[in-house]
Amino acid sequence: QVQLVESGGGLVQAGGSLRLSCEASGRPFSTLAMGWFRRTPGKEREFVAAVSWSGGTTLFADRAKGRFSISRDNAKNTVYLQMNSLKPEDTGVYLCTATNRPMGDVNPESYEFWGQGTQVTVSS
């Protein structure tokens, strides 16, 4: 079983930055493609970003392009989501996810493992 634990969420002013971390355990990290989704009240999980096994391939939602970046440190079993120029509409619970596939996609059903999430609140 894979366990995912997110951290780094909090309250930030619009225009500010935040870095989320997700540490994985229970499986060799290099065999997991990783991703981030956002959940808001009354809505399904929305794709934010994904990174391949090696870190060489990344994918971003349109709303994240130019503002967010995703990276991984396989030596630390950790994936990061760097969020810059944050907007109030970025507010939500950010969920770390993993799949045994070499690369994830925008569909939450394509991932097998999920963390509990970390709250990000962006004030005006």
Side-chain angles (χ1 to χ4, degrees):
Q1 183 66 43
V2 173
Q3 292 83 45
L4 304 172
V5 180
E6 304 97 331
S7 62
L11 176 64
V12 64
Q13 293 183 335
S17 298
L18 207 59
R19 188 180 76 159
L20 307 184
S21 299
C22 173
E23 185 174 358
S25 61
R27 191 182 185 93
F29 189 63
S30 62
T31 67
L32 296 170
M34 306 295 296
W36 289 93
F37 283 73
R38 184 188 68 151
R39 186 173 66 192
T40 56
K43 295 184 177 181
E44 299 293 329
R45 297 170 182 177
E46 296 181 343
F47 175 75
V48 178
V51 62
S52 63
W53 284 355
S54 67
T57 302
T58 58
L59 181 67
F60 296 95
D62 286 343
R63 66 180 180 86
K65 291 179 180 177
R67 299 191 299 124
F68 294 2
S69 63
I70 187 170
S71 62
R72 64 190 296 159
D73 186 341
N74 286 0
K76 297 181 179 179
N77 297 334
T78 300
V79 64
Y80 305 95
L81 182 68
Q82 178 68 47
M83 303 186 292
N84 301 319
S85 301
L86 283 163
K87 306 173 182 179
E89 50 263 46
D90 294 320
T91 294
V93 176
Y94 281 75
L95 302 165
C96 178
T97 187
T99 176
N100 292 318
R101 300 175 184 272
M103 180 62 187
D105 59 28
V106 302
N107 193 333
E109 283 71 39
S110 68
Y111 298 86
E112 296 110 275
F113 312 104
W114 295 86
Q116 294 299 305
T118 184
Q119 177 71 44
V120 172
T121 303
V122 184
S123 63
S124 299

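Fair warning: this is a prediction, and the values are worked out from it, not measured in the lab. Quick note: residue numbers are just sequence positions, from 1. Side chains are part of it too, since the values below use all heavy atoms of this structure and drop only hydrogens, waters and symmetry mates.
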For the residue pair Ser123 and Gln13, confirm or rule out a side-chain donor-acceptor distance under 3.5 Å.
no
Measure the CD-CG distance between Glu23 and Asn77 for me, rounded to the nearest 0.5 Å.
6.5 Å
To the nearest 0.5 Å, atom OG1 of Thr58 lies from atom NZ of Lys65 at 10.0 Å
Arg39 side chain vs Gly117 backbone, donor-acceptor pair below 3.5 Å:
no
How many angstroms lie between atom CZ of Phe47 and atom CZ of Phe60, to the nearest 0.5 angstrom?
8.0 Å
Interatomic spacing from CG in Leu86 to OG1 in Thr121 - rounded to 0.5 Å
11.0 Å
Do Gln119 and Thr91 have side-chain heavy atoms sitting under 4.5 Å apart?
yes
Do Lys87 and Asp90 sit within salt-bridge range, that is, some charged N less than 4.0 Å from a carboxylate O?
no
Just verifying a value: how many Å separate Arg38 CZ and Met83 CE, rounded to the nearest 0.5 Å?
10.5 Å
Pair Glu46, Arg63 - check side-chain contact (heavy atoms from CB on, under 4.5 Å), show working.
CA-CA 11 Å; Glu46 296 181 343; Arg63 66 180 180 86; 4.2 Å; yes
Would you confirm whether Arg67, through its side chain, and Ser85, through its main-chain N or O, come within 3.5 Å as a donor-acceptor pair?
yes
In terms of hydrophobic clustering (I, L, V, M, F, W, Y; side-chain heavy atoms under 4.5 Å; direct or indirect links), are Leu81 and Met103 co-clustered?
no
Closest heavy-atom pair and its distance - Gln116, Val93:
O-CG1, 4.3 Å
Please name the pair of heavy atoms, one in Ala24 and one in Leu4, separated by the smallest distance, quoted to 0.1 Å.
CB-CD2, 3.5 Å
Same cluster for Tyr80 and Leu32 if Ile/Leu/Val/Met/Phe/Trp/Tyr side chains link at under 4.5 Å?
no
Say whether Met34 and Leu20 are linked into one hydrophobic cluster, either directly or through other cluster members, by side-chain heavy-atom distances under 4.5 angstrom.
yes
If you measure from OH on Tyr111 to CZ on Arg45, what distance do you get to the nearest 0.5 Å?
12.0 Å
Show the nearest heavy-atom pair for residues Asn84 and Ser17, with the distance to one decimal.
OD1-OG, 2.9 Å
Closest non-hydrogen contact found for Val48 with Tyr94 is CG2-CE2, 4.0 Å
What heavy-atom pair brings Thr118 and Gly9 nearest, and what distance separates the two atoms?
OG1-N, 3.1 Å
Do Trp114 and Cys96 have side chains that get closer than 4.5 Å, going by heavy atoms?
no
Side-chain touch Thr97/Pro108, heavy atoms, less than 4.5 angstrom:
no
Minimum side-chain heavy-atom gap Ser21-Ser7 below 4.5 Å
yes
In this structure, would Leu95 and Leu59 fall into the same cluster of hydrophobic residues linked by side-chain contacts under 4.5 Å?
yes
Under 4.5 Å between side-chain heavy atoms, counting indirect links through other Ile/Leu/Val/Met/Phe/Trp/Tyr residues: same cluster for Val120 and Ile70 or not?
yes
Which atoms form the tightest heavy-atom contact between Phe113 and Asn100, and what is the distance?
CE1-OD1, 4.1 Å
